[in-house]
There are 2 protein chains.
Amino acid sequence: MFSKACEYGIKAMIYVATQSLKGDRVKIGDIVEKVGSPEAFTAKILSDLVKNGLIESLKGPYGGFAIQPAKMESIKVIQIVSVIDGDSIFRGCGLGLAECNALEPCPMHSKFVKIRSELKKALETTSLLELANGIKTGKTILIR
Amino acid sequence: MFSKACEYGIKAMIYVATQSLKGDRVKIGDIVEKVGSPEAFTAKILSDLVKNGLIESLKGPYGGFAIQPAKMESIKVIQIVSVIDGDSIFRGCGLGLAECNALEPCPMHSKFVKIRSELKKALETTSLLELANGIKTGKTILIR
DNA sequence: CTTATTTGCGATAAAATTATCGGAAATAGG
DNA sequence: CCTATTTCCGATAATTTTATCGCAAATAAG
């Protein structure tokens with residue numbers, strides 16, 4: 001469904017959020033330990049998310065990554081996915097046609113329309129805060 | 001969503017089905033022209049589908065690929081997908097956890113459960129005959 | 001200003017996916 | 001049998017994705 005990069009990015013964002021809720025900045029080594037992802041690769045992805053304003057970073061000692069708690073409610077999963085994987089999951093054709101719409105649909109089009117819109121809706125309505133709270137309360141996990 | 005290999009495989013199966021409904025065998029060159037996929041790669045995929053009994057092939061002159069019309073109703077898209085991409089779309093965790101279930105869920109688990117089961121259901125209930133008929137009647141297209 | 005720390009970034013490498021090539025095996029027809 | 005045709009199959013190549021490495025840039029603290 002998502003690329004590895006996207007999976008890592010979402011999980012990293014969630015972990016940083018849980019620590020930012022406690023007022024802690026986190027460094028990359030910390031993140032990858034808690035998320036189970038490769039360090040340099042994850043750093044690249046986070047760098048991308050920084051550029052897109054979804055997370056902030058600070059270099060040097062006492063530096064690391066953080067997300068302002070006030071923003072966590074408004075940051076939705078779809079934004080993270082869009083930055084890393086683009087919008088092909090929602091917009092692209094399930095069978096790879098260059099163009100595919102109700103007028104000239106691929107054979108699976110009608111079957112996919114509903115599923116895609118539900119996926120999009122789920123990602124649009126799920127906030128980072130909600131996901132971070134799941135981890136905080138121990139209801140969900142980031143690694144296994 | 002699906003791999004390129006899977007997209008090609010599904011479209012090739014649909015095209016072969018439309019021709020088999022007319023009693024025609026089709027060769028690989030014919031298929032890739034109608035489906036817009038690379039020849040040798042598509043041949044590999046079809047070979048895989050032959051091994052798994054979803055389509056039959058015949059070598060030599062007047063040979064090619066065919067699907068018995070009587071089987072088209074019982075061949076569901078999920079079988080094609082399973083042969084080519086496996087079942088990770090239905091069974092795997094959306095965030096890549098090795099194990100992820102209602103007891104120890106990833107943060108997105110509850111959001112994905114419904115979408116995945118609907119996707120699975122759609123693929124389970126969509127038959128090759130149905131898709132081939134869409135092409136036959138001109139309601140859907142395979143290439144663009 | 002110097003040092004230690006940490007992200008940023010470009011180059012590179014490894015692995016997976018997608019794609020091509022050449023020839024072997026099968027088969028229909030003359 | 002011989003030939004033409006077509007799938008099958010192993011090797012290889014190209015591309016994309018995933019991952020690593022080394023060093024530059026920034027920054028906090030003494």
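It should be emphasised that the depicted structure is a prediction, and the values quoted were computed from it without experimental measurement. Chain letters run A, B, ... following the sequence lines, proteins first and then strands; every chain starts at 1.
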Pair pattern of DNA chain C in dot-bracket, where unpaired bases get dots and | marks partners in another strand, Watson-Crick or G-U under 3.5 angstrom: ||||||||||||||||||||||||||||||
B/Phe65 CZ to C/dA26 C1', straight-line distance once rounded to whole Å: 13 Å
Whichever of A/Tyr62 and A/Tyr8 has its nearest DNA chain D nucleotide further upstream toward 5': A/Tyr8
Separation of atom NZ in B/Lys51 from atom P in D/dC8, rounded to whole Å: 8 Å
OP1 or OP2 of C/dC9 under 4.0 Å from side-chain N/O of A/Ser47: yes
Lys/Arg-Asp/Glu bridge criterion (N-O < 4.0 Å) met for A/Lys121, A/Glu118: no
Euclidean distance, atom CG of residue B/Leu46 to atom P of D/dT6 [Å, nearest integer]: 15 Å
First encountered from the 5' end of DNA chain C, between B/Lys4 and A/Ser57: A/Ser57
Ring geometry between B/Phe2 and A/Phe112 (parallel below 30°, tilted from 30 to 60°, perpendicular above 60°): tilted
Length of the CG-P vector between B/Asp85 and C/dA16, whole Å: 16 Å
Verdict with supporting geometry, A/Ile78 and A/Asp87, side chain to side chain contact (heavy atoms under 4.5 Å, CB included): CA-CA 9 Å; A/Ile78 196 170; A/Asp87 58 3; over 6 Å; no
Residue that, paired with B/Leu131, satisfies side-chain contact (heavy atoms from CB on, under 4.5 Å) out of B/Thr126, B/Thr140, B/Ile75: B/Thr126
Rounded interatomic separation in angstrom, taking CD from B/Glu56 and P from D/dT7: 13 Å
Side chain to side chain contact (heavy atoms under 4.5 Å, CB included) assessment of B/Asp30 paired with B/Tyr15: CA-CA 9 Å; B/Asp30 214 3; B/Tyr15 175 68; 3.7 Å; yes
Sugar-phosphate, base or nothing in reach of B/Gly29, heavy atoms under 4.0 Å: nothing
What does the list of N/O pairs under 3.5 Å between the protein and nucleotides 20-27 of chain D look like, with a distance for each?
unit_1: D/dT20; atom_1: O4; unit_2: A/Lys44; atom_2: NZ; d: 3.2

Non-hydrogen side-chain atoms of A/Val113 and A/His109 separated by less than 4.5 Å: yes
Between P of C/dG8 and CD1 of A/Ile31, the distance in whole Å: 10 Å
side-chain hydrogen bond (donor to acceptor under 3.5 Å, both in side chains): pairs with one or both residues in residues 58-75 of chain B, sequence neighbours excluded: B/Glu56-B/Gln68
Touch class at under 4.0 angstrom, heavy-atom based, for B/Ile28 against every strand present: sugar-phosphate
More than 12 heavy atoms from other groups under 6.0 Å of NZ on A/Lys27: no
Nearest-Å distance for atom pair CZ/C1', residues A/Phe2 and D/dT18: 18 Å
Trace of the side chain to side chain contact (heavy atoms under 4.5 Å, CB included) decision for A/Leu119 with A/Met1: CA-CA 11 Å; A/Leu119 173 61; A/Met1 176 122 76; 4.2 Å; yes
B/Arg25 CZ - C/dT27 P separation (whole Å): 12 Å
